[in-house]
There are 2 protein chains.
Amino acid sequence: MATIKDVAQLAGVSVATVSYVLNDSMPVSEATRNKVLAAVAKLGYQPHRQGRNLQRQRTLTIGVLLPQANLLCELDLATWLLEATNAATSAGYSLLLQPADSQARGDLADGWISFGTALDPQLPQIWALAPPFEQPAVLCDAAFAAQRAVETLTHAGMQRIGLITLPRSIPGSARWYLGYRRALRRAGIAFDPALVVEPANNRFHDGVAAYEALAASENDYDGLIVCGNQLATGVVMVDHAKVPLIVSHSNTQRGISGFRWPTELWAHTLVRKLLQQLDGSAIAHRTWLNPSLVIGSLGFKEDLDGFNYV
Amino acid sequence: MATIKDVAQLAGVSVATVSYVLNDSMPVSEATRNKVLAAVAKLGYQPHRQGRNLQRQRTLTIGVLLPQANLLCELDLATWLLEATNAATSAGYSLLLQPADSQARGDLADGWISFGTALDPQLPQIWALAPPFEQPAVLCDAAFAAQRAVETLTHAGMQRIGLITLPRSIPGSARWYLGYRRALRRAGIAFDPALVVEPANNRFHDGVAAYEALAASENDYDGLIVCGNQLATGVVMVDHAKVPLIVSHSNTQRGISGFRWPTELWAHTLVRKLLQQLDGSAIAHRTWLNPSLVIGSLGFKEDLDGFNYV
DNA sequence: CTGTTAGCGCATTCAG
DNA sequence: CTGAATGCGCTAACAG
């Protein structure tokens, strides 16, 4: 590995001069600049990150706090990380992974972001270790999604709309419920608690059970909204012919109608904001993103215009 | 931030002594060791990674090469990364993300691993940049899975077994095909090319189309194997009542029978092997892992004992 | 404009 | 056993 000394020697200049041209930190005459550049090219020299960073007191690294595996059901961590990696890389930064409960995140990175959705019940604990509003926060409002979903059905003339969602004790789920109520109120439809089922977990068979509970009751409904991918998949599996509309939380694959969470935009925005903050720029700490509704080929799909069909 | 100097000063010893006790690199008297430890505790001192690493010429970092988003359909990157992070963290290392086509991966990390499945058609290109056998490789054999799947059906008395899989030009898919042929041969069943459908892509609707193509033909089959999550999901969606067995590639959720790829073990093994290699230990460069078959609640589920039902 | 030099925080010879 | 000195690779004053 060639060092800056080697370059300086070969170019017949001092190390400082090499540093100057490489960092544009001082005016350098065209002649010597060319000599330096030639030497750099010849040696294939690349500045040693460790040395440079030690001197600059920076790591050129962004730390990512990762929650535990079983919580990653709603959001696509893969896509999120890929986009975050791209955003960081194009700015000369790298992403460094660390478990959310990690102790040693002192000088590992210049800044930290955390992956998490409001549906993640453990997020409060994670945020206790790394408060969200000391770092830039990008949020996606489930209330908006729920409201949008209900409106889609009411605009199509439906009146009795069922809701299958996780318990309201989970923050993100609470907002889903909120949007549902709000849309009903605005449409002048009375709220009927019997139409709401709240399974404890977001698993395939929880969806099946919830659907069957609703179907077995005397309550007839003409529209149905399901919050949670696994739940929605379960419902579709049991019998999608009867279900006017399934709205999954984020996954729009498999023909299920659902909201597409702007995962890439989210990751990108988060990284950009952190970088701006590191640059010393003032930033808005909270940024809200909106999910978009995509109507799938399964279940309800009539009387809808202006939507993308999967 | 306290430095080693501060510790030395407070303990009334030299910086070298502090280094000795912190790294156990030299014998130190019990008395002075205690003084040092006390000072460390009092100041909450933690060695500065950058400085230490510069001196030691190491980064305590493992680089991870990430393929592009659209290729991540078969394997759970999230789970994989989480487990890799845990394995690395518990050894004092961190994971550093980098796009697979990244140029600058010189001194960023002590070693590199890459996420990828043999089904990934772009893997050869990725590996061209970071040849797999210069880094430790952990592989999962699809041929084993295919063979196991076919045997499960033949043992239940089936004779005409259909196969829906990706084109053989994709390495991982080729091995799937291989295992299928091998199992048939061993069972003394003649191979019938009409029972094999090879859609070009692993998407939901490709599965639907492939299934319909097979169903429309004159070929009747009593068992069916599908390679690929999205394909399998599509097949189930169309009509799972007729399908004796769906074997997905890796995903066993949603009631579909399938192979569980040992994702966590994989990630863990890969990281451990790299760390051993960095330690200078001789390691076997290729490690084979086997997937395990899980029978789902959908489709074929009779005459099977000793399996875990989802 | 360019060279000399002093650290960034740490580990490690080499004398004592 | 301990301490002073050296340097890992680089940047940034400070002189010239």
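Letters A, B, ... mirror the listed sequences (proteins, then strands); counts begin at 1. Note that these values count all heavy atoms, side chains included, but never hydrogens, waters or copies made by symmetry. Computed from a predicted structure; not experimentally measured.
Looking at A/I4 and A/P47, their side chains never come closer than 4.5 Å, going by heavy atoms from C-beta outward. Considering only heavy atoms from C-beta on, B/L65 comes within 4.5 Å of B/W112 through its side chain.
For the pair A/R58 CZ and D/dA12 P, the computed distance is 10 Å after rounding to whole Å. As a whole-Å value, the separation of A/L54 CG from C/dC10 P is 9 Å. Distance NE2 (A/H48) to C1' (D/dC8): 8 Å, rounded to an integer number of Å. For the pair B/I4 CD1 and D/dC8 P, the interatomic distance rounds to 19 Å; values are reported in whole Å. Distance B/Q9 CD to D/dA4 P: 12 Å, rounded to the nearest Å. Between the CD atom of A/Q46 and the P atom of D/dG9 there is a distance of 15 Å, rounded to whole Å. Atom CG in B/D6 sits about 11 Å away from atom P in C/dC8, given to the nearest Å. Note: CG (A/D110) to P (C/dC8) measures 19 Å, nearest angstrom.
Take the nearest nucleotide of DNA chain C for B/K5 and for A/G12: the residue whose nucleotide is more 5' is A/G12. Between B/Q57 and B/S14, the residue anchored nearer the 5' end of DNA chain D, judged by the nucleotide with its closest heavy atom, is B/S14.
Less than 4.0 Å separates DNA chain C from at least one heavy atom of each of the following residues of residues 15-23 of chain A: A/A16, A/T17, A/Y20. Residues from residues 25-43 of chain A that place a heavy atom under 4.0 Å from any atom of DNA chain D: there are none.
The main-chain N or O of B/Q98 is never found under 3.5 Å from a side-chain atom of A/T85 such that the two would form a donor-acceptor pair. With B/D110 contributing its side chain and B/I62 its backbone, the two residues share no donor-acceptor pair below 3.5 Å. Side-chain atoms of B/N34 do not come within 3.5 Å of backbone N or O of B/A31 as any donor-acceptor pair.
The distance from atom CG of A/L54 to atom CZ of B/R49, rounded to the nearest 0.5 Å, is 14.0 Å.
Here the rule is side-chain contact (heavy atoms from CB on, under 4.5 Å) with A/Q50, and of B/L108, B/D107, B/N53 only B/N53 fits it.
At a cut-off of 3.5 angstrom, the base of C/dG9 holds no donor-acceptor pair with the side chain of B/Q55.
When the side-chain nitrogen and oxygen atoms of B/R56 are compared with OP1 and OP2 of C/dA11, one or more of them lie within a distance under 4.0 Å. Of the side-chain N and O atoms in A/R52, none sit less than 4.0 angstrom from OP1 or OP2 of D/dG9.
The pair B/R33-B/D24 meets the salt-bridge criterion, since a charged nitrogen lies less than 4.0 angstrom from a carboxylate oxygen.
Across all non-hydrogen atoms, the minimal contact from A/L81 to B/L81 is CD1-CD1, 3.3 Å.
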